[in-house]
Amino acid sequence: MTPERFDIYDDNQNWIGTALRSEVHAKGYWHRSFHCWIVRDEGEQRQVLFQRRRDMKDTFPGCYDITAAGHLTAGEQLQDASRELEEELGVHVPFDALTYLFTATQQLQGEVRGVPFVDREFSAVYGLCLNQPLEAYVLQPSEVDSLYEVPLDDLLALFRSEIDVIQATGGQTHPSSDHAAYEPERIVREIRATEFVPHGTAYYVDVLEALYHVPKD
């Protein structure tokens, strides 16, 4: 597999060249990413979906995160990056079906298996209302451990510190398969805000508030 290269930028989002993914995270170069949050309407209640990252990931392994997200590789545009929906979740939708929410500027850092990283991203954030059950998603085992949903009201209350824990329903991929749907048995987990990728409270609150206004499927 050819190593991934990203376009890299200065603090003002001016392009300054390209670099290998490993170098980008080691040296903290600014790069671009695509975020898409999926919601589902159930009666008058809106559900929001989020994933658990695989334990093998090079940044924030095992954390809960955006429904689907990914970096833009060198030369890619946002329309191309929306491929993450198909790759990670098996969702086939045109780019113009997504609702642009905002662009987030984030600087995250940590250490995974003894290797430090600095993740500086300009992230274009989108929303999508897709009224299909969890079992209809086809997960990419190399990227996504499992997918969960919870009432949007509850997740927003969690990040507003109005409650300490949520109960989310979801399922896992079959590790023996390249692309696998859900196991028949649903999983219910208690999840705290500290178990999510630390995008920042403001990021989560802004996203979740905006998701109420994403047009219905």
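Just so it is clear, the model here is predicted, and its values are computed rather than measured. Values reported hereafter were calculated over all heavy atoms of this structure, with side chains retained and with hydrogens, waters and symmetry mates removed.
The two residues L108 and P198 make their nearest non-hydrogen contact at CD2-O, 3.1 Å. When every heavy atom of R83 is checked against every heavy atom of E76, the shortest pair comes out as NE-OE2, 2.7 Å. Taking all atoms of both residues into account, the shortest heavy-atom contact from C36 to G127 is SG-C, 4.4 Å. Contact between N12 and D10 at its shortest, heavy atoms only, is N-OD1, 2.9 Å. Summarising the geometry of L211 relative to L101, their closest heavy-atom pair is CD2-CD1, 4.0 Å, with the distance given to 0.1 Å. E84 approaches A68 most closely through the heavy-atom pair O-CB, 4.3 Å.
The aromatic rings of F6 and H25 lie perpendicular to each other, with more than 60° between the two planes, well past the 30° mark. Ring planes of F159 and Y204: parallel class, angle under 30° (limits at 30 and 60°).
Dense packing is recorded around CD of E195, with more than 12 heavy atoms of other residues, nucleotides or ligands lying under 6.0 Å away. More than 12 heavy atoms of other shown residues, nucleotides or ligands fall within 6.0 angstrom of atom CG in N14.
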Point to revise | side-chain contact (heavy atoms from CB on, under 4.5 Å) evaluation trace for V138 with V91 | key: CA-CA 8 Å; V138 180; V91 170; over 6 Å; no

Practice item. I would like to know whether Q167 and R189 meet side-chain contact (heavy atoms from CB on, under 4.5 Å); could you show each step before the answer? Key: CA-CA 6 Å; Q167 285 200 335; R189 293 192 184 279; over 6 Å; no

Practice item. Just do the salt bridge (Lys or Arg N to Asp or Glu O under 4.0 Å) check on R5 and E23 with the steps written out, would you? Key: CA-CA 9 Å; R5 294 192 72 88; E23 183 182 7; 5.5 Å; no

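Cluster annotation: V118 is not connected to V24 through the hydrophobic network of ILVMFWY side chains, with a link wherever side-chain heavy atoms come within less than 4.5 Å. Put simply, L147 and M56 are part of two different groups of oily side chains (I, L, V, M, F, W, Y) that touch within less than 4.5 Å, one to the next. Under a hydrophobic-cluster definition in which Ile, Leu, Val, Met, Phe, Trp and Tyr are linked whenever side-chain heavy atoms come within less than 4.5 Å, directly or via other members, L72 and I8 are assigned to different clusters. One hydrophobic cluster, built from ILVMFWY side chains closer than 4.5 Å, cannot hold both V115 and Y29; they sit in different ones. The hydrophobic clustering, which links ILVMFWY residues whose side-chain heavy atoms are closer than 4.5 Å, places V165 and V205 apart.
Put simply, the side chain of R32 never gets that close to the backbone of T73: no donor and acceptor are under 3.5 Å apart. When atom types are taken as modelled, the side chain of Q47 and the backbone of E149 share no donor-acceptor pair closer than 3.5 angstrom. Side-chain atoms of D7 come within 3.5 Å of backbone atoms of G75 as a donor-acceptor pair (strictly under, hydrogens ignored). Side-chain atoms of T67 come within 3.5 Å of backbone atoms of I38 as a donor-acceptor pair (strictly under, hydrogens ignored).
The residues K57 and E143 are annotated as salt-bridged, a charged nitrogen and a carboxylate oxygen being separated by less than 4.0 angstrom. Ion pairing between a basic and an acidic side chain is recognised when a charged N comes within 4.0 Å of a carboxylate O; E42 and R40 show such pairing. A salt bridge links E209 with R160; the closest basic N to acidic carboxylate O contact falls under 4.0 Å.
With contacts defined as side-chain heavy-atom distances shorter than 4.5 Å, the pair L49/V39 does not qualify. Side-chain contact between I191 and Y64 is present, with heavy atoms from C-beta onward closer than 4.5 Å. For the pair H199/S123, no side-chain contact is recorded, criterion being any heavy-atom separation below 4.5 Å from C-beta on. By the 4.5 Å heavy-atom criterion applied to side chains, T99 and Y126 are not counted as neighbours.
How far CD1 of I166 is from OH of Y148: 11.0 Å, rounded to the nearest 0.5 Å. How far OG of S33 is from NE2 of H71: 6.0 Å, rounded to the nearest 0.5 Å. Taking CG of D65 as the start and CG of D145 as the end, the distance is 12.5 Å to the nearest 0.5 Å.
A donor atom on one side chain and an acceptor atom on the other are found under 3.5 Å apart for D153 and Y212. In the model, S146 has no side-chain atom that pairs as donor or acceptor with a side-chain atom of R52 under 3.5 Å.
Checking each of L78, V214, V125, L128 against L98 for a side chain to side chain contact (heavy atoms under 4.5 Å, CB included) leaves exactly one that passes, namely L128. Screening E88, E87, R53 for a side chain to side chain contact (heavy atoms under 4.5 Å, CB included) with V144, the sole residue that qualifies is E88. Among the candidates Q107, H31, Q106, the single residue satisfying the side chain to side chain donor-acceptor pair (under 3.5 Å) test with R120 is Q107. Checking F122, W15, Y9 one by one against W30, the ring pair (Phe, Tyr, Trp, His ring centres under 6.0 Å) holds for a single residue, F122.
Aromatic rings from F50 and F196 are positioned such that their centres are separated by under 6.0 Å. Ring pair F95/F34: centre-to-centre distance not below 6.0 Å. With ring centers used as reference points, H35 lies under 6.0 Å from Y203.
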